[in-house]
Amino acid sequence: METPAAPTVPRPQGTAAHPEIQITTTPPVKRERRWSMAALCIVLAVVAALGAAAAVNSASDRTKVLAVARDVPAGQALTAADVTVAEVSTDSALSPLQASDKASVLGKRTAVDLRKGGLLLASQLAAGTGLGDTRQQVGVLVKRGHAPAGTLAPGDKVLAVTTPANGDATSAKDDTATPSSIKAVVVSLSRPDATGSVVVNLAVATTDGPVLATRASQGRIALVREPRSN
């Protein structure tokens, strides 16, 4: 016995069409964040590599030079404790002495006061003070106006001129008489005090040391600097 066929259901008329689904072209948020993080990592890696390369180049451009390990007054001979080694850039405009010059500078006298931490320059060392086994040193307190202001330096040749004593009427009247003087060489100078006076260490012949010391104790010394070309 055959099964009767199911009746055909007519399609409803006026049925609304299915609405169209809008397609967006905006990429997923998660994927955009992943690309941003990847780009940031790449940039950081490049910056780190450039920094490392710069550090290596900077280290290779440094050189060892001489520096001042402690304060050294003008006129004092350098010792091993006064000099140390430091590293600076090779493009330094100061041209400090190289570390290999350390042995050659020991024993040399300073032409100026040296301050701890500064670089040691050839111009800061006196070429020679004129001192030797036949020389004596005398400290002379020179008042303001009794020496050339700011022009004396270790190694300068000077005349230690005896000034008239207080109440010496004879010396005051005789202006044509040649003043007594002693030849000397500047060894070192102190900084001016509140009155402008400085202490100048002078090297003189052994026969002149006691005379100069006596006159200096009386405050009767003025200094005349000889021409440096002599």
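None of these values were measured; they are calculated from a predicted model.
- Residues V158 and E226 are not in side-chain contact: their nearest non-hydrogen atoms beyond the backbone lie 4.5 Å or more apart.
- To the nearest 0.5 Å, atom NZ of residue K183 and atom CG of residue L212 are 15.0 Å apart.
- Within the 3.5 Å criterion, the main-chain N or O of V199 finds a donor-acceptor partner in the side chain of S190.
- The closest side-chain heavy-atom distance from P210 to Q136 is below 4.5 Å.
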Checklist line | side-chain contact (heavy atoms from CB on, under 4.5 Å) assessment of D71 paired with L114 | finding: CA-CA 6 Å; D71 292 349; L114 301 182; over 6 Å; no
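- One hydrophobic cluster, built from ILVMFWY side chains closer than 4.5 Å, cannot hold both V138 and L159; they sit in different ones.
- Atoms CG and CG, on L223 and L202 in that order, are 5.5 Å from each other to the nearest 0.5 Å.
- The two residues P96 and V65 make their nearest non-hydrogen contact at CG-CG1, 3.7 Å.
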Tell me which donor-acceptor pairs under 3.5 Å the side chains of residues 97-105 have, and how far apart each pair is, sequence neighbours excluded?
unit_1: Q98; atom_1: OE1; unit_2: T63; atom_2: OG1; d: 3.4
unit_1: D101; atom_1: OD2; unit_2: Q98; atom_2: N; d: 3.3
unit_1: S104; atom_1: OG; unit_2: D101; atom_2: O; d: 2.7

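- No more than 12 heavy atoms of other residues, nucleotides or ligands lie within 6.0 Å of CZ in R191, so this atom counts as exposed by the packing criterion.
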Side chains of residues 140-147: which donor-acceptor pairs under 3.5 Å do they make with residues two or more places apart or in other chains?
none

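- In terms of heavy-atom proximity, A216 sits nearest to G139 at CB-O, 4.1 Å.
- T163 places a side-chain N or O within 3.5 Å of a backbone atom of R220 that can act as its donor or acceptor partner.
- Annotation: salt bridge (Lys or Arg N to Asp or Glu O under 4.0 Å) contacts of D82 (sequence neighbours excluded): R70.
- L189 contributes atom CG, which lies 9.0 Å from atom CG of D113 (distance to the nearest 0.5 angstrom).
- If you take CD1 on I182 and OG1 on T207, they are separated by 8.5 Å, rounding to the nearest 0.5 Å.
- Judged purely by distance below 3.5 Å, without hydrogens or angles, the side chains of R215 and T162 pair a donor atom with an acceptor atom.
- No donor-acceptor distance shorter than 3.5 angstrom exists from the side chain of S197 to the backbone of D193, with no hydrogens or angles considered.
- The CG atom of L66 sits 9.5 Å away from atom CG of L119, with the distance rounded to the nearest 0.5 Å.
- In this structure, the side chains of L120 and L125 come closer than 4.5 Å at one or more pairs of heavy atoms.
- The shortest heavy-atom contact between A67 and A86 is CB-CB, 4.1 Å.
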